[in-house]
Amino acid sequence: MCGIVGYIGKKNAVDVIYNGLQKLEYRGYDSAGIAVIENGKIERRRSVGKLVNLQKNIKSNKIFGNIGIGHTRWATHGKPSEENAHPHTDCSGKIVVVHNGIIENYVSLKKQLQKEKHKFASETDTEVVAHLIEKYYKGDLLAAVKSALKNIEGAYALCAISCEDSSRVVVARKDAPLVIGLGKEENFIASDVSALLQYTKDVIFLENGDVAEIKENSIKIFDTKNKKVTRAQQKILWNAIQAEKCGYKHFMLKEINEQTQTTQDTFRGRISDEENKIILQSVKLTKEEISNISRICIVACGTSYHAGLTAKFLFEKLTGIPTEVNIASEFRYANPVIDNKVLTIFISQSGETADTLAALRLAKEKKSKTVAICNVVGSSVSREADNVLYTHCGPEIGVASTKAFTGQLTALYLLVMFIASKKQTISKKQLAKFIVNLRDVPKKISETLKLSTKIKEIAKMFQNTKQFIYLARNINYPIALEGALKLKEISYIYAEGYPAGEMKHGPIALIDETMPVMVIATKSKVYDKILSNIEEAKARGAKIIAIANKGNKDIVKKSDYQIFVPEVDEILSPLINVIPLQFFAYFVSVMKGCDVDQPRNLAKSVTVE
Ligand code: AGP
């Protein structure tokens with residue numbers, strides 16, 4: 001999730017754009033750049049690392065212009081580097097582009113453009129856009145952008161300028177936000193309002209498929225049918241801090257609500273309906289290497305470990321490969337029996353967790369093939385593993401991981417199905433059904449997110465509890481662990497997750513009217529078993545909150561509170577069932593007055609032992 005800013009007017013575009021990028025830095029930064037039109041030429045400055053490096057660069061290599069575009073990058077394709085930093089130019093250097101999103105078909109487009117003698121200078125998907133515009137450019141930048149977009153699949157919010165057509169910024173958006181800020185004889189463009197509020201509160205939000213021409217004194221917007229349209233002008237009443245959180249009270253709440261988009265971004269460009277296959281360009285495991293895998297060893301910490309536990313069910317059910325899951329801090333000091341036939345998978349949102357990184361190095365010493373599942377492009381774990389699958393969730397600011405967790409699950413589903421298809425342990429029909437069900441998940445997540453008010457009401461009843469037990473079975477057992485971790489880490493209430501069948505082997509002694517129980521009781525092959533576990537707990541005085549599927553009547557009699565979630569295929573249910581648990585922990589934490597985004601004693605990335 002990158003940040004883009006554009007400007008056209010009387011001010012020095014460099015200052016306006018730089019100030020705007022500073023407000024977007026929370027969206028992630030590993031490099032940044034600005035391009036302006038000065039004396040009829042494109043002048044571009046780019047720097048890797050924090051935004052302040054770009055400021056130093058521009059200070060020593062001054063540029064000035066009244067029209068420009070800028071970008072702060074959260075890498076998706078291509079490591080963080082100056083040559084991968086935006087803005088990107090075409091061969092002539094007369095057209096520059098900044099982009100937020102993912103061009104799903106950039107590999108095939110790049111190959112075609114290279115055949116047409118276009119020279120590429122970066123590894124990014126975005127550079128393809130600059131060359132496509134060049135290909136169609138015949139003096140009219142707006143027309144060239146419209147033609148270029150017809151070839152592009154994926155998500156984009158982009159700005160383009162040309163030194164040969166210097167009276168306007170051309171912008172476009174599809175599945176990534178873009179907002180126009182309205183000024184007097186000047187106009188602004190940005191990924192979100194936080195970059196604009198210092199200049200204007202009057203904005204126009206572009207809609208999906210819109211292409212617009214932004215001049216000093218005019219804005220023309222065209223819809224997907226190339227019809228000129230008007231979009232509502234709005235006044236933003238947020239202050240800058242509220243804007244960074246898109247109006248949400250906390251980053252964690254914003255990130256919970258981003259999960260419709262982020263799960264989609266994780267599988268975007270990686271499933272082909274036509275060819276009925278999973279496409280993982282960054283996982284170089286051949287069919288033969290896959291058939292030689294004797295065992296899978298997943299290694300991670302915390303929430304990422306819970307994602308690994310879920311994946312164990314998936315790998316063993318769908319690929320038949322024995323799978324174990326290890327806590328990284330234990331794995332690195334044990335004597336793991338690993339060799340070149342073991343596939344080791346390292347799950348880490350930050351890609352910098354010291355224990356996970358040490359475990360990766362140990363596995364590599366033992367000649368294991370390694371795969372990393374990371375959210376931060378260019379992070380240590382992602383760089384040192386043989387293969388990497390990025391989750392593309394954008395920066396996760398809240399210490400309690402939410403969207404990164406569902407991103408990890410989604411990436412693991414893709415990896416499991418990729419391996420299962422190569423091993424032919426699933427039929428084409430099963431894969432096709434999985435693809436249809438996975439594409440339906442974002443819609444089901446949106447439905448689940450609407451339950452927040454109901455969950456908040458339930459959370460009110462438990463804000464003073466001192467302890468909690470979370471129960472589930474089978475593929476949702478790791479979700480019980482994850483829900484308990486969420487409650488522990490942001491509300492400081494002691495909570496424990498257990499496999500529900502384990503209660504009678506000791507933990508049920510804990511149950512009385514002071515021990516509430518959260519139970520995942522969605523449709524599954526072990527649903528009846530879960531019901532009897534609920535009765536055992538209720539009979540001993542526990543207050544029961546049940547996560548169940550809509551329309552389930554018998555759960556009402558057996559539990560005190562119900563959260564009804566949309567039904568999905570059982571193997572995908574963890575993606576839905578974790579969301580009420582994230583909301584529950586969030587609301588209890590807020591009611592207890594805890595620091596939701598930065599809970600005590602915790603860090604977002606544990607880069608030390
Ligand atoms: C999750 O809410 C916690 N913040 C923590 O358990 C986290 O998942 C763990 O530290 C692993 O971090 P990583 O995914 O960046 O490696």
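Heavy atoms only: backbone and side chains are in, while hydrogens, waters and symmetry mates are out. All ligand and atom numbering here is 1-based and tracks the order in the structure.
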Check the angle between the aromatic planes of F346 and F331 and answer parallel, tilted or perpendicular using the 30° and 60° thresholds.
perpendicular

Element-labelled atoms of ligand 1 that are located less than 4.0 Å from some non-hydrogen atom of A400:
2 (O)

Beyond-backbone contact of I545 with F584, side-chain heavy atoms, under 4.5 angstrom:
yes

Atom indices of ligand 1 within 4.0 angstrom of S304 heavy atoms, with elements:
8 (O), 13 (P), 14 (O)

T303 versus ligand 1: do any nitrogen or oxygen atoms come within less than 3.5 Å of each other?
yes

Of the protein's non-hydrogen atoms, which lies at the shortest distance from atom 16 (O) of ligand 1, and what is that distance?
T353 OG1, 2.5 Å

Check this for me: does any side-chain nitrogen of one of E104 and R268 sit under 4.0 Å from a carboxylate oxygen of the other?
yes

Give the C-alpha distance, both sets of side-chain angles, the deciding distance and a yes or no for salt bridge (Lys or Arg N to Asp or Glu O under 4.0 Å) between K364 and E384.
CA-CA 9 Å; K364 286 184 74 175; E384 296 189 25; 5.6 Å; no

Return the residue, atom name and 0.1 Å-rounded distance of the protein heavy atom closest to atom 9 (C) of ligand 1.
C301 O, 3.9 Å

Taking the side chain as every heavy atom from C-beta outward, state whether I298 and N326 have any atom pair closer than 4.5 Å.
no

Starting from atom 15 (O) of ligand 1, find the nearest protein heavy-atom neighbour and note its residue, name and distance.
S350 OG, 2.6 Å

Considering only NZ, NE, NH1 and NH2 on the basic side and carboxylate oxygens on the acidic side, decide whether R361 and E365 come within less than 4.0 Å.
no

For K317, I'd like to know if atom NZ has over 12 heavy atoms of other residues, nucleotides or ligands within 6.0 Å.
no

Do any nitrogen or oxygen atoms of V399 come within less than 3.5 Å of a nitrogen or oxygen of ligand 1?
yes

Any idea which protein heavy atom is nearest atom 10 (O) of ligand 1, and the distance to it?
V606 CG2, 4.1 Å

Hey, is NZ on K312 packed in by over 12 heavy atoms from elsewhere, all under 6.0 Å?
yes

Could you tell me which atoms of ligand 1, counted from 1 in the order shown, lie closer than 4.0 angstrom to a heavy atom of S401?
1 (C), 2 (O)

Counting only heavy atoms, which portion of E489 has something under 4.0 Å from ligand 1: side chain, backbone, both, or neither?
side chain

Can a non-hydrogen atom of K486 be found less than 4.0 Å from any atom of ligand 1?
yes

